[in-house]
**Student:** 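One structure coming up, written as structure tokens, with questions to follow.
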Amino acid sequence: MPFESRVDERNRVVLHIGHGALSYEEVVDEVAAYCGSDNCTRHSLWDLRDASLNRITSDEVQQLALRVVEHARKRTGIKDVCVARSGLDYGLCRMFGLLADYDREQFSVFHNGDEALRWIANS
């Protein structure tokens, strides 16, 4: 299972915990499931510390950004955050945020999960 997803009621966030070397298709499927659910009105935290994005190309990051840009614009007041361990994953997540044209107050990337939750809590 590439992702484990659950709602963290205490922090008012949907956690998407990635596992293993993720493919573009696996990420697209998880994003589509989240954006098509009732949970899309909640903040989301994409925890990639136990995952790797090294199978995803920069072109695929751009394609993913184009897929979610409309969802991001509709979700005012909702924050999305990525937590990445490696420099490559961190960079790809930052690239995604820029390409998806997220507002700086709506999307961020962290190496630390606690910092990511604090950022979400400041909404």
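Note that the structure is predicted; figures quoted are calculated from it, not measured.
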**Student:** State which residues pass salt bridge (Lys or Arg N to Asp or Glu O under 4.0 Å) with Glu105; sequence neighbours excluded, sorted by chain then number.
**Tutor:**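 Glu105 satisfies salt bridge (Lys or Arg N to Asp or Glu O under 4.0 Å) with no other residue.
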**Student:** For Gln106 and Ile78, work out which heavy atoms get closest and say how close.
**Tutor:** CG-O, 3.1 Å
**Student:** Main chain of Ala84, side chain of His111: is a donor-acceptor contact present, judged purely on distance under 3.5 Å?
**Tutor:**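 The answer is yes, because a donor-acceptor pair under 3.5 Å joins these two groups.
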**Student:** By side chain to side chain contact (heavy atoms under 4.5 Å, CB included), which residues pair with Glu115, not counting sequence neighbours?
**Tutor:** Phe110, Asn112, Arg118
**Student:** Can you sort out the partners of Ser52 under side-chain hydrogen bond (donor to acceptor under 3.5 Å, both in side chains), two or more places apart, ordered by chain and number?
**Tutor:**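 For Ser52, the residues satisfying side-chain hydrogen bond (donor to acceptor under 3.5 Å, both in side chains) (neighbours in sequence not counted) are Asn54.
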**Student:** To the closest 0.5 Å, what do you measure between CG (Leu53) and OG (Ser23)?
**Tutor:** 10.5 Å
**Student:** Phe96 pairs by side-chain contact (heavy atoms from CB on, under 4.5 Å) with which of Val27, Ile56, Val109, Val61?
**Tutor:**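 The residue from Val27, Ile56, Val109, Val61 that satisfies side-chain contact (heavy atoms from CB on, under 4.5 Å) with Phe96 turns out to be Val61.
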**Student:** What pairs meet the salt bridge (Lys or Arg N to Asp or Glu O under 4.0 Å) rule with one or both residues in residues 44-58, with sequence neighbours excluded?
**Tutor:**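 Counting only pairs at least two positions apart or across chains, the salt bridge (Lys or Arg N to Asp or Glu O under 4.0 Å) contacts touching residues 44-58 are Asp47-Arg49.
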**Student:** Which pair of heavy atoms, one from Ile120 and one from Asn11, lies closest together, and at what distance?
**Tutor:**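 Nearest heavy atoms, Ile120 then Asn11: CG2-O, 4.4 Å.
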**Student:** Measure the SG-CZ distance between Cys93 and Phe107 for me, rounded to the nearest 0.5 Å.
**Tutor:**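 So the SG of Cys93 and the CZ of Phe107 are separated by 6.0 Å.
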**Student:** Going by the rule ring pair (Phe, Tyr, Trp, His ring centres under 6.0 Å), which residues pair with Phe3 if we only count those two or more places apart in sequence or in a different chain?
**Tutor:** Trp46
**Student:** Hey, could you give me the CG/OG distance between Asp80 and Ser108, rounded to the nearest 0.5 Å?
**Tutor:** 11.0 Å
**Student:** Nearest heavy-atom pair of Val83 and Ala116: which atoms, and what distance?
**Tutor:**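 Val83 and Ala116 have their closest heavy atoms at CG2-CB, 3.6 Å.
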**Student:** For Arg67, check salt bridge (Lys or Arg N to Asp or Glu O under 4.0 Å) against everything at least two apart and list the hits.
**Tutor:**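 In terms of salt bridge (Lys or Arg N to Asp or Glu O under 4.0 Å), with neighbours along the sequence ignored, Arg67 is linked to no residue.
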**Student:** Starting at CG of Leu99, measure out to OG of Ser58 and round the result to the nearest 0.5 Å.
**Tutor:**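 Between Leu99 CG and Ser58 OG, I get 9.0 Å after rounding to 0.5 Å.
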